[in-house]
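Reading through the structure tokens given below for one structure.
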Amino acid sequence: MTQTDWEAIIGLEVHAQISSRTKLFSGASTEFGAEHNTQVSLVDTAMPGTLPVLNYYCVEQAIRTGLALSGEINNCSYFDRKNYFYPDSPQGYQITQFFEPIVKNCKLFINNGTREIRIAKIHLEQDSGKSIHSENKTYIDLNRAGIALMEIVSQPDLRSSKEVAEFMKKLRQILRYVGSCDGDMEKGSLRCDANVSVCRRGSKEFGTRCEIKNLNSVRYMVQAVDYEINRQIEILENGEELNQDTLLFDVSSGKTKVMRNKEDASDYRYFPEPDLLPVMITQDKIDLIALSLPELPDQKKLRYIEELGINEYDADVITSDKITADYFEELIQKHHPKIAVTWLTVELFGRLNKAGIDITSSPIKAHALSELLDFIIDDTISAKLGKQVFDTMFETGKSAAEIIDEQSLKQITDEKQISVIIDQVMDSNQDKVNEYKNGKTKLYGFFIGEIMKLTKGQANPNTVNSVLSKKLSK
Ligand code: ADP
Ligand code: MG
């Protein structure tokens with residue numbers, strides 16, 4: 001195959017479930033994992049006489065997301081009906097935004113800020129229910145029916161599966177910072193349809209595209225896109241024609257399969273939803289909503305590098321998600337950024353990884369680590385003992401103060417006390433003292449070892465050094 005002659009063109013349609021306790025048009029709960037059909041209101045089942053009521057919290061979340069992606073907020077958007085039958089969609093249509101979406105013209109940067117990927121729009125729509133197939137029966141669960149989704153539609157700006165992965169990770173990171181979507185792909189809070197076409201390198205016209213539906217992990221997105229690019233090149237090189245198909249990705253074979261032919265917008269007979277008013281958003285309201293946005297990962301990373309002197313790698317790790325960044329920022333309220341970086345990325349992450357837990361469920365909260373650092377910096381304990389205390393904190397959830405107290409770990413800094421201990425060690429090792437004085441200076445480490453043994457590692461190393469070297473040179 002002559003892959004280098006071809007260029008891949010990819011556009012993504014991402015469905016992000018809005019983190020809202022209630023659905024887009026009803027008060028039913030959105031909690032994940034509930035018993036089938038227990039989170040369904042009459043509106044969600046499309047009972048006659050019921051009417052949808054727009055959840056403004058979801059509107060705000062879409063606006064916040066749009067602002068975080070430098071988009072234009074539509075002052076007057078509205079909802080449309082997309083008509084089609086599906087058993088898990090009781091209305092017989094989906095309420096979505098087709099003609100006037102809430103957000104337009106966003107952008108997202110990948111490849112260290114050097115590649116701009118345009119996002120055409122973000123629109124609000126309701127999710128469908130779920131069909132559960134078992135043997136010869138199909139069951140319908142409507143818990144998901146009516147949950148609010150943002151559909152985020154990119155322009156066909158992506159050129160490889162690598163860029164697809166980067167785009168998705170970056171989008172997920174921003175959504176999680178904004179808090180509009182939890183980004184949990186395993187639970188289906190974030191799903192993606194990938195549109196793929198190929199064309200001769202340098203050609204101005206895009207080829208026929210296929211759309212791979214419902215990819216629910218970045219890994220599958222990469223596999224599916226790569227498979228599809230190769231499949232299309234092969235077909236075109238054989239002189240055959242491509243159909244504009246809708247495909248499914250089979251995770252076990254790693255191949256895409258045709259699900260149906262592409263349907264057109266006209267097939268859905270879109271028309272404005274008569275049961276809902278247009279969504280009017282004033283500029284004042286937008287400005288107010290903008291105030292609720294947190295510092296975003298790119299800005300944060302730059303600030304860490306430029307103002308705190310943190311290297312790029314560490315800045316990337318710390319800003320990868322907001323919870324880690326918040327943890328770090330609590331540490332640097334009292335401590336030097338470099339110390340905070342080490343304790344967070346080496347000591348804490350090391351232990352979290354080993355235990356297979358996420359920072360959200362870390363047994364050591366930022367204020368507790370900050371307190372431990374206080375004890376190390378004011379010489380209550382040595383840095384070495386600090387790591388032991390950290391282990392115990394991790395295992396027991398106790399505070400550093402409790403552990404230091406319980407195990408009497410306070411560092412001995414009193415010179416007189418240390419002097420007495422050193423005398424003890426020298427007295428019981430008179431022969432070694434003589435050898436040392438006769439030139440066997442290697443024995444210095446032996447004395448240090450004995451002193452530390454006697455004090456269980458609690459003697460302040462600097463004080464020990466200065467007192468010991470004085471005594472030995474007498
Ligand atoms: P539709 O609404 O029919 O699905 P859109 O024009 O809204 O079509 O595009 C849907 C997605 O397909 C967008 O993400 C867009 O970037 C992508 N897309 C459009 N044309 C192509 C193409 N030739 N190759 C790859 N992706 C494409
Ligand atoms: Mg589509």
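Note that ligands are numbered from 1 as they come in the structure, with each ligand's atoms numbered from 1 the same way.
- Contacts with ligand 1 closer than 4.0 Å are made by side-chain heavy atoms of Arg209 only, the backbone lying farther away.
- Checked against a 6.0 Å centroid threshold, the rings of Phe79 and Phe98 do not count as neighbours.
- Across Gly207, Ala8, Ser154, heavy-atom proximity to atom 14 (O) of ligand 1 is greatest for Ser154.
- Contact annotation for Leu12 and ligand 1: only backbone heavy atoms (N, CA, C, O) come within less than 4.0 Å of the ligand.
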Practice problem: Go through Lys104 and Glu100 one step at a time and tell me if the salt bridge (charged side-chain N to carboxylate O under 4.0 Å, His left out) criterion holds. | Solution: CA-CA 9 Å; Lys104 295 180 207 174; Glu100 284 296 336; 3.2 Å; yes
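- Residue Glu211 has no N or O atom closer than 3.5 Å to an N or O atom of ligand 1.
- Stacking of Arg81 on the aromatic ring of Phe271 is not recorded, the 6.0 Å distance cut-off and the 45° axial limit not both being met.
- Looking at Cys199, Ser197, Ala120, it is Ser197 that brings a heavy atom closest to atom 23 (N) of ligand 1.
- Counting only heavy atoms from C-beta outward, the side chains of Ser154 and Phe167 approach each other to under 4.5 Å.
- Annotation: cation-pi pair Lys82/Tyr268 present, NZ/CZ under 6.0 Å from the ring centroid and within 45° of its normal.
- The side chain of Val153, and not its backbone, has at least one atom closer than 4.0 Å to an atom of ligand 1 (non-hydrogen atoms only; side chain from C-beta on).
- Close contacts between ligand 1 and Gln155 involve ligand atoms 16 (O) [criterion: under 4.0 Å to a heavy atom].
- Checked by atom type, the side-chain pair Asp250/Thr256 shows no donor-acceptor distance below 3.5 Å.
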